[in-house]
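Report on one structure; see the data block that follows.
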Amino acid sequence: LNKSWQNNKDNYIIWLSTEKENMMFQIFSIYTIEKESYYIETNFKTTKDKETWLNTMQSRNQGIKTTTVSTSDKILTLTCENAYGGRIVVQAKLIKRQIKE
């Protein structure tokens, strides 16, 4: 959440490797929030519901201005507890996927 970290564009990429694939995600939102479960929602009844959720996640962003997201994007949400009992949330969209052979 500090400016020196945010000023380094290399920090906006998350690499995730599994046994079957390598994935690259681009961060679109970082924020702190009190404990809740809305930010980890994964099932949406309609495209409009997902769009509303994405707009909320982007509106919570505390500084990063990297990319736009759409309802067709695959979203990764990472979270941890902060020192005050709230949550630090990092959200990113999948921008590259490579299947391992």
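The first residue in the sequence is number 1, and the count goes up from there.
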Give, for atom [atom1] of [X] and atom [atom2] of [Y], the distance between the pair rounded to the nearest 0.5 Å.
X	Y	atom1	atom2	value
L54	F44	CG	CZ	6.5 Å
K96	N22	NZ	CG	9.0 Å
K74	R97	NZ	CZ	7.0 Å

In the structure I gave you, are the side-chain heavy atoms of [X] and [Y] within less than 4.5 Å of one another anywhere?
X	Y	answer
I13	I95	yes
I75	F28	yes
N61	Q91	no
L94	L76	no

Determine the minimum heavy-atom distance between [X] and [Y], stating which atoms define it.
X	Y	value
R60	Y31	O-CB, 3.0 Å
W53	Y39	CZ2-O, 3.2 Å
E81	K35	OE1-NZ, 4.2 Å
T71	K50	O-NZ, 2.9 Å
K100	S17	NZ-CB, 4.2 Å
S70	D73	N-OD2, 2.7 Å

> For the hydrophobic clusters of this structure (ILVMFWY residues joined by side-chain heavy atoms under 4.5 Å, transitively), does one cluster hold both Y38 and I40?
Replying inline: yes

>> Taking I99 as the starting point, is it possible to reach M24 by hopping between hydrophobic residues whose side chains are less than 4.5 Å apart?
In response: no

> Which residue, I88, I30, V89, T32, forms the side chain to side chain contact (heavy atoms under 4.5 Å, CB included) with Q62?
Replying inline: T32

>> Between E41 and N43, is the side-chain contact (heavy atoms from CB on, under 4.5 Å) condition met? List the steps.
In response: CA-CA 6 Å; E41 183 67 42; N43 295 314; 4.1 Å; yes

